[in-house]
Amino acid sequence: MKAQIIRTAKWAKRTLKKLRPVDERGVLSPVRRINRVALSERVCAMTFDDGPTALPPEPDHTGGRALTDHLLDVLREYGAHATFDVIGSTAENYPDRAGKPGTPQWGGIAYDHYPDLNCDDMAGAVSQSRLIGRILAEGHDLSNHGYRHIIFGKKGVIYGKRRYLQSGREVYDDLKKLDDLLREYHGYSLSLGRPPHYVDRLPDGLTSYDIYLLLGYQYMGASFDGDGWLPKPTYDEEVRAMVEPMRALLEADPDALCGQIVFQKDGYNMQKRTPVADGLAQQLELLRKYGYRVVPVGELTALSQFEDLGPDDPLYPTVSGLLRAGYTVVYRDNRVKLHLPVTRGELAMFVTPRDELVRTVRERMEGKPLSAIGGLDARHPYYGAVRYTLERGLLSLAGGKFDPAAPITPADLQGLYPQLGGSDVQVSTARADILTTLFTLLGGSGAGR
Ligand SMILES: [Zn+2]
């Protein structure tokens with residue numbers, strides 16, 4: 001019944017999204033939500049949330065082995081590698097009490113508790129140091145899923161009674177605590193994060209993307225639900241729900257999982273069961289049959305960065321080169337969108353070094369008063385870039401205003417290129433041409449950073 005409600009809520013959300021006017025453009029962002037990447041090879045990534053978990057699977061066919069140990073055994077058997085999206089500890093998430101079994105509140109009304117209420121020391125990097133050590137020793141990666149797994153801002157309907165973090169500062173401190181712990185005790189530097197329950201918007205206007213920028217992370221999304229987290233009437237049905245959709249997808253198109261990121265859970269579902277303990281091997285068996293390599297997300301993005309521009313595209317080295325040089329040329333949804341015309345706000349973002357965007361977010365997080373510039377207030381995602389380009393005379397106001405949505409003109413580029421060291425540069429307002437020119441001026445020639 002609850003599962004049905006959740007499915008209906010998800011369906012309603014998808015439908016509403018479709019009905020809303022299409023916001024195809026989105027915003028350029030130094031932090032991209034990587035759900036999947038364009039790739040023709042049979043390689044996919046697998047991610048496991050909420051562990052590591054020292055309690056045994058339920059039902060247990062392993063003789064009492066820690067769930068994470070069991071998952072690692074299975075991965076090793078198949079030569080597969082994954083990203084473990086770990087927490088620190090939920091032990092501070094009290095006072096709290098359990099909600100109704102089979103609902104999202106089963107493990108706590110005010111907070112999440114992993115692996116379960118009143119046994120918080122059986123999961124997380126703080127008390128399960130050995131499991132973190134084993135994950136790393138066997139070639140898997142880690143991602144930051146929040147020290148206390150508290151949501152970043154309010155989430156209505158299903159999680160209405162949940163406590164949530166109030167500000168960018170609180171999120172930063174929570175994530176930094178886990179970041180420091182993994183660096184100090186395991187020598188591991190995190191570069192990925194996934195917010196608890198994918199909640200992104202904080203009451204103070206900052207978002208998970210802003211805080212990930214400060215920490216040097218990319219946002220780890222997912223494109224294929226490995227399932228196993230939604231309860232079904234029986235355990236066997238839960239295991240089948242993990243395997244059958246994947247089988248059907250691959251039978252219809254053996255390449256369907258190329259470049260995809262699979263979501264899994266390293267913990268209990270709402271019925272306190274762990275179908276992943278049996279479902280994982282069956283999924284990996286399928287993937288092996290179709291010739292897939294299963295890798296951590298970091299390895300997947302080393303093969304291909306973007307969702308709509310693959311490594312075979314002639315423009316791939318240009319866009320990824322600009323990215324490496326510290327420039328923001330890709331949208332927050334990890335698409336390059338070469339077909340879209342460039343706006344003035346976007347041109348400002350293209351030429352602004354990442355450090356400048358970091359500085360703006362830090363100032364906002366610390367509550368520094370920032371005055372409006374060209375009619376843009378500090379909450380605008382392009383505020384830092386507009387400030388940078390106007391202060392340096394790279395772009396100019398029009399009638400005392402800077403309209404970030406206005407299309408660029410050849411005059412914008414004729415003013416910009418000479419200041420970046422370009423003489424004799426052909427002016428074209430096509431996105432691909434601008435990126436190619438900027439790559440020469442900023443990244444490719446070594447003149448930029
Ligand atoms: Zn989680």
Please report the interatomic distance [atom1]([X]) to [atom2]([Y]), rounded to the nearest 0.5 Å.
X: Arg97; Y: Gln105; atom1: CZ; atom2: CD; value: 10.5 Å
X: Tyr219; Y: Ser29; atom1: OH; atom2: OG; value: 11.5 Å
X: Asp174; Y: Ile150; atom1: CG; atom2: CD1; value: 6.0 Å
X: His81; Y: Leu72; atom1: NE2; atom2: CG; value: 10.0 Å
X: Leu376; Y: Tyr383; atom1: CG; atom2: OH; value: 9.0 Å
X: Glu41; Y: Leu300; atom1: CD; atom2: CG; value: 9.5 Å

Check [X] against [Y] and note the closest heavy-atom contact, atom names and distance.
X: Ala241; Y: Lys232; value: CB-CE, 3.7 Å
X: Leu165; Y: Leu202; value: O-CD2, 3.4 Å
X: Ser223; Y: Gln260; value: OG-OE1, 2.7 Å
X: Ile151; Y: Arg163; value: CG1-O, 3.7 Å
X: Ala82; Y: Phe48; value: CB-CE1, 3.6 Å
X: Leu39; Y: Ser304; value: CD1-CB, 3.9 Å

Report yes if some heavy atom in the side chain of [X] is under 4.5 Å from a heavy atom in the side chain of [Y]; otherwise report no.
X: Met46; Y: Leu280; value: yes
X: Tyr327; Y: Leu438; value: no
X: Glu307; Y: Arg36; value: yes
X: Asp49; Y: Phe84; value: no
X: Asp255; Y: Ser40; value: no
X: Thr53; Y: Met122; value: no
X: Leu67; Y: Glu58; value: no
X: Asp204; Y: Gln166; value: no

Do the charged groups of [X] and [Y] touch, with an N to O distance under 4.0 Å?
X: Arg240; Y: Asp236; result: no
X: Asp120; Y: Arg148; result: no
X: Arg273; Y: Glu238; result: yes
X: Lys337; Y: Asp333; result: yes
X: Asp73; Y: Arg134; result: yes
X: Arg359; Y: Asp355; result: no

[X] side-chain N/O to [Y] backbone N/O, donor-acceptor pair under 3.5 Å:
X: Glu138; Y: Gly133; answer: no
X: Asn269; Y: Pro231; answer: no
X: Thr83; Y: Val297; answer: yes
X: Arg194; Y: Asp85; answer: no
X: Thr103; Y: Gly99; answer: no
X: Thr90; Y: Asn93; answer: no
X: Glu346; Y: Thr343; answer: yes
X: Arg293; Y: Val43; answer: no

Polar side chain donor-acceptor pair, [X] to [Y], under 3.5 angstrom:
X: Asp50; Y: His145; answer: yes
X: Gln305; Y: Ser320; answer: no
X: Ser127; Y: Asp121; answer: no
X: Thr328; Y: Arg354; answer: no
X: Glu285; Y: Tyr78; answer: yes
X: Gln264; Y: Gln283; answer: yes
X: Asp266; Y: Thr68; answer: yes
X: Tyr235; Y: Asp278; answer: yes
X: Glu251; Y: Tyr290; answer: no
X: Asp112; Y: His197; answer: yes
X: Asp200; Y: Thr207; answer: no
X: Thr234; Y: Glu237; answer: yes
X: Asp179; Y: Tyr217; answer: yes

Should Phe263 and Phe224 be marked as a ring pair (Phe, Tyr, Trp, His ring centres under 6.0 Å) after you check the CA-CA gap, both sets of side-chain angles, and the distance that decides it?
CA-CA 6 Å; Phe263 175 89; Phe224 186 85; over 10 Å; no
Both conditions, 6.0 Å and 45 degrees, for the charged tip of Arg183 above the ring of Tyr188: are they met here?
no
Cation-pi check for Tyr147 against Lys177: NZ or CZ below 6.0 Å from the six-membered ring centre and within 45 degrees of the axis, yes or no?
yes
Residue pair Ile261, Thr47: steps toward the side-chain contact (heavy atoms from CB on, under 4.5 Å) verdict
CA-CA 7 Å; Ile261 298 176; Thr47 65; 3.6 Å; yes
Working note: Tyr164 + Glu170, criterion side chain to side chain donor-acceptor pair (under 3.5 Å); need CA distance, chi angles, decisive distance, verdict.
CA-CA 10 Å; Tyr164 54 90; Glu170 284 185 9; over 6 Å; no
Run Tyr111 and Tyr94 through ring pair (Phe, Tyr, Trp, His ring centres under 6.0 Å) and show every step you take.
CA-CA 8 Å; Tyr111 301 101; Tyr94 290 92; 8.0 Å; no
Apply side-chain contact (heavy atoms from CB on, under 4.5 Å) to residues Val319 and Phe306 and explain how you reach the verdict.
CA-CA 9 Å; Val319 180; Phe306 315 114; 3.6 Å; yes
Within 6.0 angstrom of Arg288 CZ, more than 12 heavy atoms from elsewhere:
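Enclosed.
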Any chance OH of Tyr198 has more than 12 other-residue heavy atoms, nucleotides or ligands included, within less than 6.0 Å?
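Counting neighbours around OH of Tyr198, more than 12 heavy atoms of other residues, nucleotides or ligands fall under 6.0 Å, so yes.
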Using the six-membered ring wherever Trp is involved, compare the ring planes of Tyr114 and His149 and label them parallel, tilted or perpendicular (cut-offs 30° and 60°).
perpendicular
Is the ring pair Phe152/Tyr212 parallel, tilted or perpendicular, if the boundaries are 30 and 60 degrees?
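Perpendicular.
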